[in-house]
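In what follows, chains carry the letters A, B, and so on, assigned in the order in which the sequence lines appear, proteins first and then strands, with residues in each chain numbered from 1. Quick note: numbers below take in every heavy atom, side chains included, and nothing from hydrogens, waters or symmetry partners.
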There are 2 protein chains.
Amino acid sequence: MKDVVSRCPIEETMRVLSGRWPTLLLYYLKDGTKRFSDLRRDNPTVSHRILALELRKLEDAGIVRRTARPGYPLRVDYDLTPPGSRLVPLIDALGAWWMDTDDDRTGRSPTSDVNLDTAA
Amino acid sequence: MKDVVSRCPIEETMRVLSGRWPTLLLYYLKDGTKRFSDLRRDNPTVSHRILALELRKLEDAGIVRRTARPGYPLRVDYDLTPPGSRLVPLIDALGAWWMDTDDDRTGRSPTSDVNLDTAA
DNA sequence: TCCTGGTTACAGAATTGTGCGTAATTTACA
DNA sequence: TGTAAATTACGCACAATTCTGTAACCAGGA
């Protein structure tokens, strides 16, 4: 994150998706709107702080939309933007690739019936 | 990298592709076999140590094949394995997604003529 | 007082870069 | 002909940088 705009779209995309949480959050947001605390429950190993940071990063990248409803207790909704939704199948494809590769590693026959719906 | 096998193929894939270099290296290896020094030339900002580590990571993941030819000066060839080659279009799709998203951001019309051949 | 979403301060962990060493052959040069 | 230096792909130790986690704190209504 030191210098420049890399001009390479792949690099830019990976700058956002790199790390453990972004794709996981996308995965959980596929189902629809979630609140901050929902996402914490969905995966208990993210720290409070990191979740806030990651969500902000995704928001800045235009992948996630943040909607704060006025009033207390605070309520903030997160959901995917249209670009974010378009990203989901690509990420699923990566999961499918992994399973395909796994077949390679375990020396199984070259299965072609990979389901793109890669569950958790 | 602390604990477990996550059982989630997306997470596993991202564990390999996360970071600045993996996708870039894939990009440069698309063209065919490269030597260590070629890859350093291709992008001068990787330190030799990191390049070695990243290449080993990709090798362990079955994405890149390392071929050391005996004799001195050492000569080592790197190229994509079949799974690695299968990964390339997916990564290109991420680049295409970024450019599409860029259209969103800059408020342009929803162009459909995104070229998958995302150059450096 | 608790709840929710978030920020800040500080600490510890992880990742990355720097520079040096190494192998056996070729080339450089007197 | 002898010798010194360059070459290639790293490994290693150590320093610098970055990332992540913990804990405390804030807001204001129930």
Next item on the list: Could you check how far CZ of B/Arg15 sits from C1' of C/dT15, rounded to whole Å?
Entry: 16 Å
Item checked: For atom CZ of A/Arg49 and atom C1' of C/dT4, their distance in whole Å -> 19 Å
Next item on the list: Using only side-chain N and O atoms of B/Arg35, determine if any of them is under 4.0 Å from OP1 or OP2 of D/dA9.
Entry: yes
Margin query: In this structure, how many angstroms lie between the P atom of C/dG12 and the CD1 atom of A/Ile50, rounded?
Written below: 17 Å
Note to self: Closest-nucleotide mapping onto DNA chain C: is A/Leu53 or A/Tyr72 further toward the 5' terminus? I mean the 5' end.
What the structure shows: A/Tyr72
Checklist line | Heavy-atom donor-acceptor pair, B/Asp38 side chain to B/Arg35 backbone, under 3.5 Å | finding: yes
Next item on the list: Please examine the side chains of B/Asp100 and A/Arg86, heavy atoms only from C-beta on, and report whether any two atoms are closer than 4.5 Å.
Entry: yes
Notebook entry, point to check: Base, sugar-phosphate alone, or nothing: which one does B/Arg56 contact when heavy atoms must sit under 4.0 Å apart?
Noted result: sugar-phosphate
Checklist line | Test applied, side-chain contact (heavy atoms from CB on, under 4.5 Å); reference residue, B/Leu25; option that passes from B/Lys57, B/Lys34, B/Glu54, B/Lys30 | finding: B/Glu54
Check: So, is A/Ser37 near the phosphate of C/dG5, with a side-chain N or O under 4.0 Å from OP1 or OP2?
Finding: yes
Checklist line | Residue B/Pro73, side-chain atoms from C-beta onward, closest of D/dA9, D/dT8, C/dT7 | finding: D/dT8
Notebook entry, point to check: Quick one: A/Asp38 CG to C/dG5 P, roughly how many Å, whole number?
Noted result: 8 Å
Check: Roughly, in whole Å, what's the span from NE2 in B/His48 to P in C/dT16?
Finding: 15 Å
Check: To the nearest Å, how far apart are B/Leu74 CG and C/dT26 C1'?
Finding: 14 Å
Margin query: Using the rule that Ile, Leu, Val, Met, Phe, Trp and Tyr join whenever any side-chain heavy atoms are under 4.5 Å apart, tell me whether A/Leu74 and A/Leu51 fall into a single cluster.
Written below: no
Notebook entry, point to check: Which part of the nucleic acid, if any, lies within reach of B/Arg66 when heavy atoms closer than 4.0 Å are counted: base, sugar-phosphate only, or nothing?
Noted result: sugar-phosphate
Checklist line | Nearest-angstrom distance from the residue atom CZ of A/Arg69 to P of C/dC3 | finding: 19 Å
Margin query: Can you tell me if B/Tyr78 touches the phosphate of D/dT8, counting only side-chain N or O atoms and a distance under 4.0 Å to OP1 or OP2?
Written below: no
Note to self: Whole angstroms only, please: what is the NZ-P distance between A/Lys34 and C/dG5?
What the structure shows: 13 Å
Item checked: Hydrophobic cluster identity match, A/Val76 and A/Tyr72, side-chain contacts under 4.5 Å -> no
